[in-house]
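These notes are about the structure you will find just below.
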Amino acid sequence: MTLDTKFVPAEMEARLYKQWEEGGYFKPGRKPNAKPFTIVIPPPNVTGSLHMGHALNNTIQDVLVRFERMRGRDVLWQPGTDHAGIATQMVVERLLAKENKTDRKTMGREAFLKRVWEWKEESGGIITQQLRRLGASCDWSRERFTMDEGLSKAVRKVFVQLYKEGLIYKDTRLVNWDPVFETAISDLEVETRETKGAMWSFAYPLVDGEIDGLKEIVISTTRPETMLGDGAVAVHPSDERYKNLVGKYVWLPIANRKIPIIADEYPDPEFGTGAVKITGAHDENDFHVAKRNNIPLIMLMDKKARMISTPENHVPERYNGVDRYKAREMVLAEIEELGFYRGKEEKMIPQPFGDRSNVVIEPMLTEQWYVNAGELAKPAIAAVKNGDTKFVPANWDKTYFEWMNNIQPWCISRQLWWGHQIPAWYGDDGKIYVEETEEHAQAAAGPNVKLTRDEDVLDTWFSSALWPFSTLGWPEQTPILKRHYKTDVLVTGFDIIFFWVARMMMMGLHFMDGEVPFETVYIHALVRDEKGQKMSKSKGNVIDPLELIDEFGADALRFTMAAMAAQGRDLKLAKSRVEGYRNFATKLWNAARFAEMNGVAKDENFDPVAARVTVNRWIAGEAARCRDLVTKAIEDHKYNEAASALYQFAWNVYCDWYVELIKPILTGTDETAKAETRACAAWAFEQILVLLHPFMPFITEELWSKTASRSGMLIDASWPTYIGLGDAAADAEMNWVIRLISEIRSVRAEMNVNAGAKIPCVIVGAAQEARMRTANWEAEIMRLARLSSLVFEDSVPPQSAQIPLDEATVALPLEGMIDFTAERARLNKELEKIAKDMGGIDGRLNNPGFVAKAPPEVLVESRELKAQLEEKKAKVLEALKRLG
RNA sequence: GGGCGGUUAGCUCAGCGGUAGAGCACUACGUUGACAUCGUAGUGGUCGUAGGUUCGAUCCCUAUACCGCCCA
């Protein structure tokens with residue numbers, strides 16, 4: 001059981017993870033009488049590989065899950081992946097193009113889908129393997145995929161029910177059309193970006209010649225090519241300039257059509273000429289104007305955003321099949337040639353881009369399926385208002401409400417192949433049959449109707465919205481569903497509050513009898529690079545979490561994530577931070593090696609409450625304090641505070657002081673004290689392992705098994721509860737000793753005393769308590785402060801450096817070793833600091849308002865502080881006097 | 001235009017009403033058989049700016065500047 005001198009994370013991590021997983025520790029149901037605790041994972045895309053966002057997200061979930069497991073809850077962390085419609089189809093299409101030089105259309109739907117499934121089987125497991133490397137303790141035996149048979153059944157059932165309730169319907173309106181993927185996408189998948197563009201002005205001549213001195217109306221547009229589809233020119237009803245033109249017509253050049261001049265509230269008279277062209281079929285605002293005024297909607301483009309020439313749209317034949325941007329150039333040239341060109345202004349314009357395809361989205365008039373989100377949002381809003389679901393940090397509910405209150409119909413149909421095909425059939429009788437299966441549809445239609453299934457698939461987020469219950473077996477009423485819905489916490493980033501959180505709320509409430517899908521939504525920050533920039537492949541600033549795991553270990557990465565998870569928006573990741581926590585792991589390893597070398601071993605009979613040695617009583621109290629801090633911090637989702645408490649306790653308290661202070665005991669002759677201290681040191685270290693386990697599961701598990709022979713694994717250990725720990729007298733004594741040693745060290749360094757030199761120390765004016773403490777810790781003080789002697793005397797020896805310590809003065813007779821000018825300077829500096837502190841305190845105490853109004857305990861504290869400062873000041877002055 | 005964040009040590013960030021903190025970096029010294037992935041000591045901040053509330057403000061309020069995100 002000897003520990004190696006170095007610790008190598010890689011081997012250990014793989015081995016331990018396997019042991020946990022195969023040991024069934026991640027599975028629920030092991031504590032059937034315990035209260036369940038449930039988290040559903042935000043399902044990563046099957047196409048994905050682990051990035052920093054995943055690392056943060058899953059670290060937090062794993063900390064929670066391991067913590068609650070240790071606290072005795074019956075934990076289910078439900079894992080799975082998302083089929084990610086567009087993303088996956090895109091990946092496989094690219095693969096096809098590369099491999100076989102073919103495309104999905106040539107292959108046909110069936111063959112293509114077969115290929116996607118094959119790809120999923122081959123590559124879909126990458127991300128889940130990577131989650132394992134992070135240490136995520138999900139129950140992999142319950143892994144789900146959004147296109148599993150079970151989940152697909154849930155999707156069909158939800159769709160059919162919502163349709164029959166009138167909450168899903170078909171509608172023809174403008175949608176965001178992605179001309180690369182040739183599908184509609186939802187508003188959320190569109191990203192508006194400011195891009196370089198221009199505003200061109202054209203003249204449309206009046207059909208009736210001159211009216212009110214006007215022969216033409218000048219309109220401006222950022223999209224010249226759409227003029228071919230103009231159905232009207234609109235002006236504001238209050239616009240005097242055009243008052244007598246409303247109801248007249250203009251000639252639309254190129255298309256050679258007559259279009260009316262209409263009055264509508266939409267045009268801004270202050271902007272440009274105050275007249276706008278209305279292209280109802282290709283612009284959202286124009287669409288509404290056209291609807292209001294009964295203006296025809298003229299379709300100009302096909303699914304690839306190429307112009308089409310039809311008898312209906314009057315687009316000249318030469319435009320047929322021309323790309324929209326090429327058509328723009330043609331229109332501009334022709335307008336100029338016709339003499340209707342009226343100038344161009346370069347400007348930045350907002351343009352919609354597809355978040356996946358990265359091309360300009362075209363508003364297109366098509367028939368699509370919609371969810372009446374407004375209706376479903378009502379209970380979802382109420383549930384957050386009344387506290388059934390809480391956002392942490394709480395201010396995110398504002399974002400949630402803001403969006404939910406203004407929610408638009410959700411376009412859920414996609415003209416893709418990869419996804420849940422919509423369970424709707426069209427009969428040759430012209431009717432739509434929405435049923436869970438073709439048999440049901442046929443039954444509904446009757447035997448003589450020929451059915452054709454809707455070709456479209458559903459938005460990926462439709463199935464994700466069902467995740468908290470579909471993964472638990474719904475629509476079957478499984479025991480797991482009963483036990484683990486609603487879930488306890490959802491951990492996710494703010495970027496998918498709308499995409500996912502809001503929709504899960506809607507669907508959960510609707511299909512689970514009004515019960516919310518989760519009690520708490522913990523929203524964490526997004527991981528950015530050191531400079532605060534979003535990590536992206538194109539910027540080349542991506543830090544790969546797996547590389548960090550390779551270099552520093554999963555524990556170090558996890559601890560970094562937790563330590564940086566302070567509630568905020570951004571999390572800028574510096575590699576040095578990960579390195580620092582790797583060092584922390586090394587420190588723990590070495591502390592364990594120290595223990596091993598010094599006979600520090602677990603003693604089943606050791607009871608920290610009964611410890612007699614002061615330093616042991618003290619460390620036990622510190623352990624209890626750390627335990628309380630960590631517990632509270634995790635409960636409050638303040639992972640950084642938990643991490644910081646652990647780091648401090650393990651390194652600054654246990655390693656720096658406790659271990660150093662017990663060395664003389666461990667090598668001493670007091671066998672009783674030695675035995676107790678060995679047992680206590682082992683106990684305290686064990687507390688570190690247990691408390692740290694949720695954050696650093698691997699190294700703690702490894703040390704757990706190597707520092708004692710134990711019956712179970714640490715993952716299965718109980719979160720400690722302590723009764724009767726904490727001893728104020730022991731704390732006071734140890735703190736005094738630590739202060740004494742620190743002060744001597746500080747003076748030594750400042751006086752440039754050779755680090756290796758042992759020096760004498762004389763304590764003057766010590767009260768009984770200080771004398772006792774000194775006696776108790778003589779060996780430790782001498783060792784840690786590098787003293788050759790430690791004695792009490794009645795007066796300060798000549799040529800001493802002097803340290804005031806409460807009522808006593810600690811004198812270091814350093815004749816010949818130090819420069820007394822320097823010592824005087826040091827004491828004067830000390831005096832300055834005291835004076836500064838005093839200034840603050842006096843300012844308060846001399847303020848009648850403070851004395852009258854401050855809480856009594858603050859007043860007492862201030863007075864005590866002043867007394868201490870005064871005592872110290874007197875000592876320093878005395879010391880200066882002695883130096884002459 | 002609407003909303004939400006941020007501005008604290010050279011860097012990355014905590015703290016958020018009662019004496020300014022951590023890690024990294026930096027400086028000096030390396031003594032102690034766990035650890036140089038370390039130890040000891042130290043340098044470094046008028047807590048964006050201006051008002052206000054308060055006995056007291058980095059912390060609360062108002063305004064303002066700059067940076068960032070989301071929505072239109």
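Given the structure is predicted, the values throughout are model-derived calculations rather than measurements. Every chain is numbered from 1 and lettered A, B, ... according to where its sequence line falls, protein lines coming before strand lines. Heavy-atom basis, side chains included; hydrogens, waters and symmetry copies ignored.
On a pure distance criterion of 3.5 Å, no polar donor-acceptor pair joins the side chain of A:E402 and the base of B:A72.
How far CG of A:L740 is from CH2 of A:W777: 13.0 Å, rounded to the nearest 0.5 Å.
At a threshold of 4.5 Å between non-hydrogen side-chain atoms, the residues A:L814 and A:S800 do not count as touching.
Side-chain contact check for A:H524 and A:Y522: no donor-acceptor pair (N or O, by modelled atom type) lies under 3.5 Å. Between the side chains of A:D459 and A:W410, at least one donor N or O sits under 3.5 Å from an acceptor N or O. Using modelled atom types, one finds no donor on one side chain facing an acceptor on the other under 3.5 Å when comparing A:Y647 with A:N652.
Checked against B:C70, B:U12, B:G5, the side chain of A:F498 finds its nearest nucleotide in B:C70. Side-chain atoms of A:R786 lie closest to B:U32 of the nucleotides B:C35, B:A14, B:U32. Here B:A41 is the nucleotide among B:U12, B:A41, B:G5 with the atom lying nearest to any side-chain atom of A:S742.
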Protein within reach of the bases, or only the backbone? For nucleotides 51-59 of chain B, mark each nucleotide 5' to 3' as B, S or -, using heavy atoms under 4.0 Å. ----B----
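Formation of a donor-acceptor pair under 3.5 Å by the A:D286 side chain with backbone atoms of A:H282 is not found in this model. At distances below 3.5 Å, not a single donor-acceptor pair connects side-chain atoms of A:R826 with backbone N or O atoms of A:M751.
The residue A:A852 sits apart from the nucleic acid: no heavy atom pair falls under 4.0 Å.
When the C1' atom is compared between B:A25 and B:A9, the two are found 11 Å apart, to the nearest whole Å.
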Using a 3.5 Å cut-off and no angle test, enumerate the donor-acceptor pairs between side-chain atoms of residues 854-864 of chain A and protein atoms at least two apart in sequence or in another chain.
from: A:S862; atom 1: OG; to: A:R844; atom 2: NH1; distance (Å): 3.2
from: A:S862; atom 1: OG; to: A:V858; atom 2: O; distance (Å): 2.9

Interface polar pairs with nucleotides 6-9 of chain B, N/O, under 3.5 angstrom:
none

Polar atom pairs between nucleotides 36-40 of chain B and protein, under 3.5 Å, N or O only, would you list them?
from: B:U37; atom 1: O4'; to: A:N583; atom 2: OD1; distance (Å): 3.4
from: B:U37; atom 1: O2; to: A:R582; atom 2: NE; distance (Å): 3.1
from: B:U37; atom 1: O2; to: A:T586; atom 2: OG1; distance (Å): 2.4
from: B:C38; atom 1: OP1; to: A:N583; atom 2: ND2; distance (Å): 3.0
from: B:C38; atom 1: O3'; to: A:K587; atom 2: NZ; distance (Å): 3.3
from: B:G39; atom 1: OP1; to: A:K587; atom 2: NZ; distance (Å): 3.1
from: B:G39; atom 1: OP1; to: A:W651; atom 2: NE1; distance (Å): 2.6

Bracket string, RNA chain B, 5' to 3' - pairs by Watson-Crick or G-U geometry under 3.5 Å, | interstrand: ((((((((.[[[[.)..(..]]]].(((((.......))))).....[[[[[..)....]]]]]))))))).
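Every residue two or more places apart in sequence or in another chain that forms a salt bridge (Lys or Arg N to Asp or Glu O under 4.0 Å) with A:K866 is listed here: A:D842, A:E870.
Here A:K663 reaches the OP1 or OP2 of B:A34: one of its side-chain N or O atoms lies under 4.0 Å away.
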